[in-house]
Amino acid sequence: MPRRREFLRQTFITAGAISLGSFLADDSAAAVLKPEHGHGHGHWPWPGGRFSPFSKFSELQPPNADGVMLPRGFHARVVARSSQRPSAASTYSWHGAPDGGATFATRGGGWVYVSNAELHDGAGGVGALRFDRFGTVIDAYPILLGTSVNCAGGPTPWNTWLSCEEHASGLVWECDPYVANGHRPGRYPDTDGRSLPALGLFEHEAVAVDPFQRVLYMTEDAGSGGGGRVYRFVPTHRDWPPGRGVRPKLRDGRLQVLRIKTFADDVDPSALDLAGRITVDTPPQPVEWVDALEPNQPQRAVRDSYRAAGTTPPGQHFPKAEGMWFFNGIVYFVTSFNQRIWAYDTHHSTLELIYDGNVGDKSKHSIDEPDNLIVSPLGDILVAEDSGNLEIGVLRLHDGTSQPLMRLIGHDDSEVTGLALSPDGRRLYFSSQRGETGHDEDGITFEVTLPFPAK
């Protein structure tokens with residue numbers, strides 16, 4: 001417990017003091033990430049007297065008409081349904097199987113919420129909802145079309161959306177959230193998104209950008225037996241030059257895999273049969289990053305071919321690696337198959353297991369099969385469930401427990417996706433991917449109004 005409290009203190013010591021948006025304002029902002037410059041201790045209220053609506057809330061209340069259970073003071077509404085037009089001013093029908101999402105501020109106090117479509121055979125892509133400053137949906141449009149199995153992804157500090165394809169040759173696509181791709185009256189082209197093959201070909205799940213060390217981190221959702229890795233892409237100096245507000249091309253760099261130094265290559269460090277396996281009580285593990293083999297080829301096939309030839313591919317397995325988020329020098333990511341949440345310290349190059357839903361008091365573990373994950377500007381970790389009882393949980397790092405913030409009733413064949421906070425911190429977005437029917441074309445996207453801002 002003392003070690004966990006220290007981790008909590010260092011993780012949130014500058015909570016709310018810095019965000020990805022700082023990248024656009026001052027490149028030297030990385031200095032405040034160092035613990036010696038902190039001014040808080042991870043206790044409520046946060047510095048400046050700010051409280052988070054996720055720090056303490058009531059038990060879940062009975063569901064509303066759409067099957068959404070929330071604490072007292074939180075209110076939900078539907079903002080989009082698959083196959084329906086979210087706005088009378090738009091000709092775009094909301095996509096099926098809504099998955100990963102994010103928000104982006106617009107002029108005048110409004111914002112855009114983007115959402116992936118996890119559909120196969122070129123039917124995927126990304127849709128966008130535009131809100132005015134009052135929270136009214138005023139437009140809807142696609143920002144990427146013609147791709148497949150767009151699962152999660154991540155926002156960038158330069159206000160684009162990185163959409164991830166989750167298939168064996170999946171790419172990352174960079175999209176402009178503010179513009180309907182090549183919009184012409186009454187028609188849309190196949191796609192105007194920009195593919196980023198340098199970020200690898202594999203079953204991409206999520207992306208997190210560290211703008212201070214100029215690195216992109218990625219998860220591979222290769223399933224429980226696919227030997228999926230955690231990756232990073234390190235752009236060259238020419239690709240991402242130092243300087244205030246400079247954005248990368250993401251064309252030239254090194255694709256690398258995470259390797260825990262104390263474990264052999266090509267094993268699952270969570271496996272019960274491994275001596276010295278990692279638990280929530282294990283000290284942080286030293287890690288290194290090793291160049292991926294044949295980075296321009298599909299990675300699962302590359303690993304299989306090297307094994308067949310008697311060569312062990314580098315890095316360890318992270319079974320069904322899913323959501324990922326960068327916050328204050330820490331990269332959080334999820335392995336859904338074993339109900340674990342991890343934290344990679346970018347300054348000390350260590351990896352720590354911070355949550356394990358398989359151990360401890362089950363009554364205090366509301367997060368089953370964690371999937372999507374975000375961190376609020378005040379340091380709250382919000383996690384959506386892939387299945388389980390379809391909840392969004394708040395992770396309590398001080399004691400390793402979690403508390404349900406939202407639960408879906410009557411959506412049994414669905415999953416919770418697309419977590420995102422509005423730029424002003426007053427609204428939380430998520431989707432029921434397949435709604436109440438369990439069909440991709442019946443997804444529902446919700447907005448939750450918070451009792452006060454999470455910012």
Side-chain angles (χ1 to χ4, degrees), residues 19-21 24 53-54 64 66 68 70 73-117 125-145 150 152-163 175-181 183 188 372 374 376-378 382 384 392 405-406 416-433 435 443-455:
S19 66
L20 290 182
L24 300 176
F54 306 123
N64 67 8
D66 299 305
V68 181
L70 292 167
F74 294 72
H75 304 281
R77 65 168 178 148
V78 173
V79 292
R81 293 181 182 271
S82 298
S83 306
Q84 297 183 20
R85 297 179 185 178
S87 166
S90 171
T91 60
Y92 175 68
S93 295
W94 196 236
H95 53 271
D99 206 287
T103 63
F104 301 85
T106 61
R107 293 179 180 178
W111 60 92
V112 171
Y113 173 72
V114 302
S115 169
N116 284 342
V126 187
L129 298 173
R130 184 182 288 268
F131 295 83
D132 64 17
R133 64 188 181 94
F134 303 107
T136 302
V137 179
I138 58 174
D139 200 3
Y141 48 87
I143 62 173
L144 181 68
L145 291 168
N150 296 76
T156 70
W158 47 93
N159 288 324
T160 61
W161 169 245
L162 299 178
S163 180
C175 315
D176 185 342
Y178 302 107
V179 179
N181 277 331
H183 181 223
Y188 301 102
N372 193 200
I374 63 170
S376 80
L378 294 179
L382 276 62
I392 297 171
L405 174 73
M406 188 284 304
V416 182
T417 61
L419 293 184
L421 285 163
S422 61
D424 61 4
R426 294 180 179 274
R427 294 170 171 86
L428 173 67
Y429 294 94
F430 72 91
S431 291
S432 171
Q433 189 175 69
I444 306 172
T445 299
F446 295 92
E447 175 192 88
V448 175
T449 303
L450 309 180
F452 47 93
K455 187 174 182 178

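Both backbone and side-chain heavy atoms feed into the values below; hydrogens, waters and symmetry mates do not.
The minimum heavy-atom distance linking D99 with Y113 is given by the pair O-OH, 4.5 Å. When all heavy atoms of I374 and L419 are compared, the closest pair comes out as CG2-O, 3.5 Å. Scanning all heavy atoms of the two residues, the minimum distance from A102 to A420 falls at CA-CB, 3.7 Å. P98 and S82 make their closest contact through CD-OG, 3.9 Å (heavy atoms, listed as atom of the first residue, atom of the second, distance). The two residues E447 and G135 have their closest heavy-atom pair at OE2-O, 4.4 Å. Counting all heavy atoms, side chain and backbone alike, F54 lies closest to L450 at CZ-CD1, 3.7 Å.
Looking only at side-chain heavy atoms (C-beta outward), Y141 and V112 come within less than 4.5 Å of each other. Between V448 and I392, every side-chain heavy-atom pair lies at or beyond the 4.5 Å cut-off. Between M406 and L428 there is no side-chain heavy-atom pair separated by less than 4.5 Å. Using a 4.5 Å cut-off on side-chain heavy atoms (C-beta onward), F74 and P451 make contact.
At a cut-off of 3.5 Å, with distance as the only test, a side-chain donor of N116 or W161 sits close to an acceptor on the other residue. Between the side chains of S93 and S83, no donor-acceptor pair of N or O atoms lies under 3.5 Å.
Without hydrogens or angle criteria, D132 side chain to G110 main chain gives no donor-acceptor distance under 3.5 Å. The backbone N or O of Y178 lies less than 3.5 Å from a partner atom in the side chain of R130, making a donor-acceptor pair. When atom types are taken as modelled, the side chain of T136 and the backbone of I138 share no donor-acceptor pair closer than 3.5 angstrom. A donor-acceptor pair under 3.5 Å is absent between the side-chain atoms of K455 and the main chain of R426, judged by distance alone. The main-chain N or O of V68 is never found under 3.5 Å from a side-chain atom of D66 such that the two would form a donor-acceptor pair.
The aromatic rings of W94 and Y92 lie perpendicular to each other, with more than 60° between the two planes, well past the 30° mark.
Summarising the geometry, atom CG belonging to L144 is positioned 5.5 Å from atom OG belonging to S163; distances are rounded to the nearest 0.5 Å. Once rounded to the nearest 0.5 Å, the distance linking CZ of F430 with CG of L405 reads 9.0 Å. Once rounded to the nearest 0.5 Å, the distance linking CZ of R81 with OG1 of T445 reads 10.0 Å. Once rounded to the nearest 0.5 Å, the distance linking CG of L421 with CH2 of W111 reads 11.5 Å.
A 6.0 Å sphere centred on CZ of R133 holds no more than 12 heavy atoms belonging to other residues, nucleotides or ligands.
A side-chain contact (heavy atoms from CB on, under 4.5 Å) with P177 is found for one member of V114, T103, N159 and no other, namely V114.
D139 pairs by the salt bridge (Lys or Arg N to Asp or Glu O under 4.0 Å) definition with nothing, not counting sequence neighbours.
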